[in-house]
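All heavy atoms count here, side chains included; hydrogens, waters and symmetry mates do not. Starting from 1, each residue takes its place in the sequence as its number.
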Amino acid sequence: LHEEPISFTGEVDIVSKPIKESNKKLMYEIAAQYPQLTGGNNPNFEKFNQVARAGVTKTVAEFKKDMAPQKGEEEPRPEGSMGSSLNVGYNIALAQDDLMSIEFEVGSYYQGAAHPNSYSEVVNYDLKNGKLLKLSDLFKPDAKFLQAIATYCIADLKKQGKDKGLVDEEIEKGASAAAKNYQSWTITRRGLGINFDSYQVGPYAAGPQFVLVPYSALKDLINPEGPIAQFAK
């Protein structure tokens with residue numbers, strides 16, 4: 001059964017805004033997109049828009065800074081050399097009147113590198129109160145939520161790893177109950193989506209990994225007044 005993640009009431013819509021740039025002299029191309037809310041009368045929509053836009057424009061600006069010739073570097077680049085690229089797309093995990101959960105996929109290639117690089121970034125936004133959400137905002141004060149999430153993820157990744165060539169030791173390290181391992185997460189109606197970028201729990205060849213932690217595994221820890229309590233009943 002497929003659940004539609006977008007369920008706004010009223011005349012609210014999500015539009016995709018593009019950033020496209022090409023520099024023949026420095027041999028790079030940029031193709032990025034970010035979501036913007038239109039319609040409705042919630043002043044926090046524009047706050048979300050600013051956060052989503054700022055994150056992507058910052059990534060673009062950092063890439064362009066990296067592309068600028070360094071002192072002593074020949075310019076233009078040697079003819080025939082492979083150029084560099086930046087691609088930013090996004091997936092909507094949840095979009096409703098009180099919550100937005102977006103995963104951004106960032107892919108880049110720097111000329112001369114052995115292979116492209118990719119990573120995920122997220123924006124989880126409380127449209128009711130106009131603020132970015134931290135993972136801790138979803139749970140009761142002092143709840144040991146990281147341990148519970150990590151326990152579930154490690155077990156699930158080990159099951160997945162049998163077909164993907166993941167090694168238990170790498171999984172246990174990259175998915176341990178440390179805040180740095182759980183920066184990329186999204187809110188869905190069925191559970192918390194946890195993203196593990198390439199290299200985090202396995203070799204580059206295995207690619208990024210994903211675990212959906214059902215709310216039933218976290219029900220005793222979830223803040224009954226928090227944003228995901230509505231899904232954990």
Side-chain angles (χ1 to χ4, degrees), residues 1-9 12 14 34-35 37 40 42-52 54-56 90-106 119-157 160 171-172 174-197 200-201 208-233:
L1 181 65
H2 175 71
E3 273 193 307
E4 175 58 53
I6 303 173
S7 59
F8 285 111
T9 59
V12 181
I14 304 174
Y34 58 91
L37 296 174
N42 185 342
N44 291 328
F45 284 2
E46 182 52 33
K47 292 182 180 179
F48 163 81
N49 287 345
Q50 291 173 5
V51 169
V56 174
Y90 65 87
N91 295 308
I92 299 171
L94 186 71
Q96 57 186 46
D97 292 342
D98 60 341
L99 280 175
M100 286 289 290
S101 185
I102 309 289
E103 177 197 356
F104 291 91
E105 298 175 341
V106 182
Y119 63 92
S120 61
E121 292 188 341
V122 296
V123 171
N124 295 291
Y125 201 85
D126 181 345
L127 290 170
K128 184 177 180 181
N129 298 298
K131 70 170 187 173
L132 270 172
L133 290 168
K134 303 188 297 289
L135 192 55
S136 58
D137 292 331
L138 312 183
F139 300 97
K140 297 174 183 175
D142 302 322
K144 297 187 182 303
F145 62 89
L146 272 181
Q147 287 86 336
I149 294 172
T151 297
Y152 188 94
C153 286
I154 289 171
D156 191 80
L157 287 167
Q160 295 185 42
I171 291 172
E172 290 167 2
S176 64
K180 66 178 182 179
N181 292 335
Y182 293 92
Q183 299 294 314
S184 185
W185 54 275
T186 52
I187 298 170
T188 77
R189 291 192 177 91
R190 296 190 297 122
L192 285 183
I194 308 297
N195 304 304
F196 297 95
D197 292 336
Q200 186 174 344
V201 293
Q209 305 298 319
F210 175 81
V211 175
L212 184 70
V213 183
Y215 293 125
S216 58
L218 306 168
K219 61 182 180 179
D220 294 333
L221 306 175
I222 292 172
N223 184 346
E225 306 298 323
I228 63 172
Q230 59 186 299
F231 308 122
K233 296 176 181 177

Roughly how far, to the nearest 0.5 Å, is the [atom2] atom of [Y] from the [atom1] atom of [X]?
X: Asn223; Y: Phe139; atom1: CG; atom2: CZ; value: 10.0 Å
X: Leu132; Y: Tyr125; atom1: CG; atom2: OH; value: 6.5 Å
X: Ile187; Y: Gln96; atom1: CD1; atom2: CD; value: 9.0 Å
X: Leu127; Y: Asp98; atom1: CG; atom2: CG; value: 7.0 Å
X: Leu133; Y: Leu99; atom1: CG; atom2: CG; value: 6.5 Å
X: Lys128; Y: Asn42; atom1: NZ; atom2: CG; value: 11.5 Å

message: Taking the ring of Tyr182 and the ring of Phe196, is the distance between their centroids below 6.0 Å?
response: yes

message: Between Phe48 and Pro35, is there a side-chain heavy-atom distance shorter than 4.5 Å?
response: yes

query: Going by heavy atoms in the side chains, are Leu218 and Leu192 under 4.5 Å from each other?
result: yes

Would you find a donor on one side and an acceptor on the other, under 3.5 Å apart, between the side chain of [X] and the backbone of [Y]?
X: Asn49; Y: Leu37; answer: yes
X: Tyr215; Y: Arg190; answer: no
X: Glu121; Y: Phe104; answer: no

task: I would like to know whether Val12 and Thr9 meet side-chain contact (heavy atoms from CB on, under 4.5 Å); could you show each step before the answer?
output: CA-CA 7 Å; Val12 181; Thr9 59; over 6 Å; no

Which pair of non-hydrogen atoms, one from [X] and one from [Y], has the smallest distance, and what is that distance?
X: Leu138; Y: Pro227; answer: CD2-CG, 3.5 Å
X: Met100; Y: Ala95; answer: SD-CB, 3.5 Å
X: Phe210; Y: Gln160; answer: O-NE2, 3.1 Å
X: Ala93; Y: Pro5; answer: O-CB, 3.3 Å
X: Gly191; Y: Thr188; answer: O-OG1, 2.7 Å
X: Tyr34; Y: Tyr90; answer: C-CE2, 3.6 Å

- prompt: Given Glu103, which of Asn124, Thr186, Ile92 fulfils the side-chain contact (heavy atoms from CB on, under 4.5 Å) condition?
  reply: Thr186

Pairing residues for Ser184 by the side chain to side chain contact (heavy atoms under 4.5 Å, CB included) criterion, not counting sequence neighbours: Ser120, Val122, Asn195

task: Please list, chain by chain and in numerical order, all residues satisfying salt bridge (Lys or Arg N to Asp or Glu O under 4.0 Å) with Lys134, sequence neighbours excluded.
output: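 Counting only residues at least two positions away or on another chain, Lys134 forms a salt bridge (Lys or Arg N to Asp or Glu O under 4.0 Å) with Asp137.
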
Expected list for residues 140-155: side-chain donor-acceptor pairs under 3.5 angstrom, two or more places apart:
unit_1, atom_1, unit_2, atom_2, d
Lys140, NZ, Asp220, O, 2.9
Thr151, OG1, Gln147, O, 2.8

Could you pull out all residues at least two apart from [X] that satisfy side chain to side chain donor-acceptor pair (under 3.5 Å)?
X: Asn181; answer: Ser176
X: Glu105; answer: Asn91
X: Asn129; answer: Asp126

field: Derivation of the side chain to side chain donor-acceptor pair (under 3.5 Å) call for Glu46 and Asn44
entry: CA-CA 5 Å; Glu46 182 52 33; Asn44 291 328; over 6 Å; no

